[in-house]
Number of protein chains: 2
Amino acid sequence: MAADPMYRRIAEDLRSKIEAGELARGAQLPTEIELRDQYDASRNTIRDAIKWLATNGLVETRPGQGTFVVVRLDPFITTLSADPETGLGGGEGDAAFAEVRDRGRSPSASEARVEVQAARGNVALRLRVPEGTQVISRRQERFIDGTPWSLQTSFYPMTLVASGAHRLLDATNIPGGSVAYLRHALDIVQVGYRDSVVVRTPDHDESTFFKLPDDGRIPVISLMRTGYQASDAGPTPFRVMITVLPADRNQLVINSGDVPGTPAAAVRP
Amino acid sequence: MAADPMYRRIAEDLRSKIEAGELARGAQLPTEIELRDQYDASRNTIRDAIKWLATNGLVETRPGQGTFVVVRLDPFITTLSADPETGLGGGEGDAAFAEVRDRGRSPSASEARVEVQAARGNVALRLRVPEGTQVISRRQERFIDGTPWSLQTSFYPMTLVASGAHRLLDATNIPGGSVAYLRHALDIVQVGYRDSVVVRTPDHDESTFFKLPDDGRIPVISLMRTGYQASDAGPTPFRVMITVLPADRNQLVINSGDVPGTPAAAVRP
DNA sequence: GCAAATTTGTTCGTATGTATT
DNA sequence: CAATACATACGAACAAATTTG
């Protein structure tokens, strides 16, 4: 008779009540004991139903408080394509901040945390240096209206510092952005960039910073940007930037050719 | 005493064995009974540990068979930016197929499933038509080397058919793509497009087609492309295309300015 | 093709721990 | 401190899916 197990039927029932608005955003569900009586099941079965709703991102449980319908965060939009007027790459330092302010929201960022590291894996591959080569890593935490928004880490070969770009080692933000700084200091011009977008589960650091549940329910969007300068051998990489964005509060937009001047609307899920 | 609960410690132990290669990709874990004896815990606690590994994408359980270390699918890369030579939008019909073949893999697609629907939500908003306006929906299922790769649905206002684009109603694939067809048939030229990228949990249809676990562990990347034609009032939308890609086997690439001619390498997780 | 064995899935009951109010 | 609510852990039984003999 019962095609689906009981916990799934209970979960579906609760889901429909949430989607019908019967249980509002942020509202508290009945307690496990109350649900046990309502559905005439054991508390463990109710917990299975709630667990299913939780892994599907519909509710969240808070020990000692109860189970609540999740409130969807107001999504923020990052435009990846370069601004045709400024030529600035989307999602980077000042360009990203300007986009946030354009939408009437308030961005902020931590000071840069600077480290010298050995290049590994994706970074070494994209900077075209051997594994273990010394690189500068500059990491910044960003917020919108106070909520954690992105983790951005940029990597530069140490050779740039030897050539005179000493400010890359400053643990302060570089006004105007490092791309502009490298243009002025070393005449390195970013002629193009390539973004690779991957969706994955957050690591422990990321879960902590973004306050994501540590069970990997909410994925992050990892955006790796390789910046190129011109050379006789064609475009040559000089920087790699990795931006990590929680998927529950971020959308990406890419423009190509002629598009309306009005900003892109958020996609409603 | 125990900082972490037992099920987490067991999960972490198994995780380290997986990451150390002690448990190979695709290998079967010991059965729940064996693990119960190994860790001296109850079967339910073992199951909690396995469930944690499963929601974190490290293992998958198959009823009647056992629990297995997941094998990561060879990721496929879709380039969203327009090809500077052909001007063709990335990820669309022929362009997408060419990219797959370039990488030595074999694409295939179902015939288009055509329906006439009432425009709703995002589609109505982006086509700039009132909710309920009749639109044509053309849906296609795509595969790479036999595994489900993407679900693509395009929406066109019915007025295009009235103007003479009758083939939009044919339940067959339009050779060269519908953008080229509309250019020839109605002189509608796509002067630009805007992509919106959202990550979300799959719906039931998508879970079925992509053979994803129905608990929402693996998200999908939803790519909504609005195509614009020129008009006196600026770029005007004439089509919306929604491509849904499972996040566990897809990466996106966006090029801007001068980048190397060599294809982008996959990001290693 | 069928039956048995194996393995995971569901559901109950119970007890105790931990976080919050 | 007490009450409330969720978290962890144990044990047990039967169901369902799959493989094997």
Side-chain angles (χ1 to χ4, degrees), chain A residues 1-15 23 26-70 207-208 211-217, chain B residues 1-15 23 26-70 207-208 211-217:
Chain A
M1 190 89 289
D4 282 336
M6 192 192 306
Y7 80 96
R8 282 293 297 264
R9 292 206 312 279
I10 295 171
E12 286 302 334
D13 190 62
L14 289 169
R15 179 203 196 108
L23 289 163
Q28 181 170 8
L29 267 65
T31 68
E32 293 176 352
I33 302 298
E34 288 168 334
L35 289 171
R36 179 194 64 180
D37 298 339
Q38 280 179 33
Y39 288 101
D40 195 31
S42 81
R43 184 174 158 236
N44 278 336
T45 302
I46 295 296
R47 279 178 62 74
D48 282 346
I50 289 176
K51 182 168 286 183
W52 191 89
L53 290 171
T55 62
N56 280 272
L58 285 138
V59 303
E60 61 183 355
T61 60
R62 298 202 278 269
Q65 297 187 46
T67 304
F68 300 83
V69 183
V70 294
S207 287
T208 306
K211 299 189 180 67
L212 301 176
D214 67 349
D215 59 2
R217 289 201 307 271
Chain B
M1 185 102 293
D4 280 337
M6 193 193 302
Y7 80 96
R8 284 290 297 266
R9 292 206 311 277
I10 295 172
E12 287 302 336
D13 190 63
L14 289 169
R15 179 203 197 107
L23 288 162
Q28 181 170 8
L29 266 66
T31 68
E32 293 174 353
I33 302 298
E34 288 169 335
L35 289 171
R36 179 196 63 181
D37 297 340
Q38 281 181 33
Y39 288 101
D40 194 31
S42 79
R43 184 176 159 232
N44 278 335
T45 302
I46 296 296
R47 281 177 61 74
D48 281 346
I50 289 175
K51 182 167 285 184
W52 190 89
L53 291 171
T55 61
N56 281 273
L58 284 132
V59 304
E60 62 184 354
T61 60
R62 297 201 278 269
Q65 295 187 52
T67 304
F68 301 83
V69 183
V70 294
S207 287
T208 306
K211 298 189 181 69
L212 300 176
D214 67 350
D215 59 2
R217 289 199 309 270

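In what follows, chains carry the letters A, B, and so on, assigned in the order in which the sequence lines appear, proteins first and then strands, with residues in each chain numbered from 1.
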**Study point:** Short side-chain N/O contact from B:Arg47 to OP1 or OP2 of C:dT8, under 4.0 Å
**Key:**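 No, because none of the side-chain N or O atoms of B:Arg47 sits under 4.0 Å from OP1 or OP2 of C:dT8.
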**Study point:** N or O in side chain of A:Thr45 less than 4.0 angstrom from C:dT10 OP1/OP2
**Key:**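 Negative; the distance criterion is not met.
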Check your understanding: Considering all heavy atoms of both residues, which atom of B:Leu53 and which atom of B:Arg15 are nearest to each other, and what is their separation?
Key ->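 Of all heavy-atom pairs spanning B:Leu53 and B:Arg15, the closest is CD2-CB, 4.1 Å.
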Expressed as a whole number of angstroms, how long is the span from [X]:[atom1] to [N]:[atom2]?
X       : N      : atom1 : atom2 : value
B:Arg36 : C:dT7  : CZ    : C1'   : 13 Å
B:Asn44 : C:dT10 : CG    : P     : 12 Å
B:Leu53 : C:dT8  : CG    : P     : 13 Å
B:Trp52 : D:dT8  : CH2   : P     : 12 Å
B:Lys51 : C:dG9  : NZ    : P     : 8 Å
B:Glu60 : D:dT18 : CD    : P     : 13 Å
B:Leu35 : C:dT6  : CG    : C1'   : 15 Å
A:Asp48 : D:dC6  : CG    : P     : 15 Å

Review point. If you round to the nearest 0.5 Å, how far is CG of A:Leu29 from CG of A:Leu58?
Key: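 Atom-to-atom, A:Leu58:CG and A:Leu29:CG are 10.0 Å apart.
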Side chain of [X] only, please: which of [options] is the nearest?
X       : options               : result
A:Thr31 : D:dA5, D:dC10, D:dT18 : D:dA5
B:Pro5  : D:dA9, C:dT11, C:dT8  : D:dA9
B:Ser42 : D:dT18, D:dA9, D:dA7  : D:dA9
A:Glu32 : C:dC12, D:dA7, D:dA9  : D:dA7
A:Tyr7  : C:dT21, D:dA9, C:dT10 : C:dT10
B:Thr67 : D:dC10, C:dT8, C:dG13 : C:dT8

Exercise for review: Using a 4.0 Å heavy-atom cut-off across all strands, classify B:Arg43 as base, sugar-phosphate, or nothing.
Suggested key: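 If one applies the 4.0 Å heavy-atom cut-off, B:Arg43 turns out to touch a base.
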Check your understanding: Under the side chain to side chain contact (heavy atoms under 4.5 Å, CB included) criterion, do B:Ile50 and B:Arg47 qualify, and how do the steps go?
Key -> CA-CA 5 Å; B:Ile50 289 175; B:Arg47 281 177 61 74; 5.6 Å; no
Check your understanding: Does B:Asp13 reach the side chain of B:Tyr39, with side-chain heavy atoms less than 4.5 Å apart?
Key ->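 Yes, side chains in contact.
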Check your understanding: For DNA chain C, whose closest nucleotide is more 5', that of B:Gln65 or that of A:Ala41?
Key ->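 On the 5' side of the pair lies B:Gln65.
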Practice item. Taking B:Gln28 for its side chain and B:Gln65 for its backbone only, find out whether a donor-acceptor pair lies under 3.5 Å. Key: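 Yes, the answer is positive, given that a donor and an acceptor are paired below the 3.5 Å cut-off.
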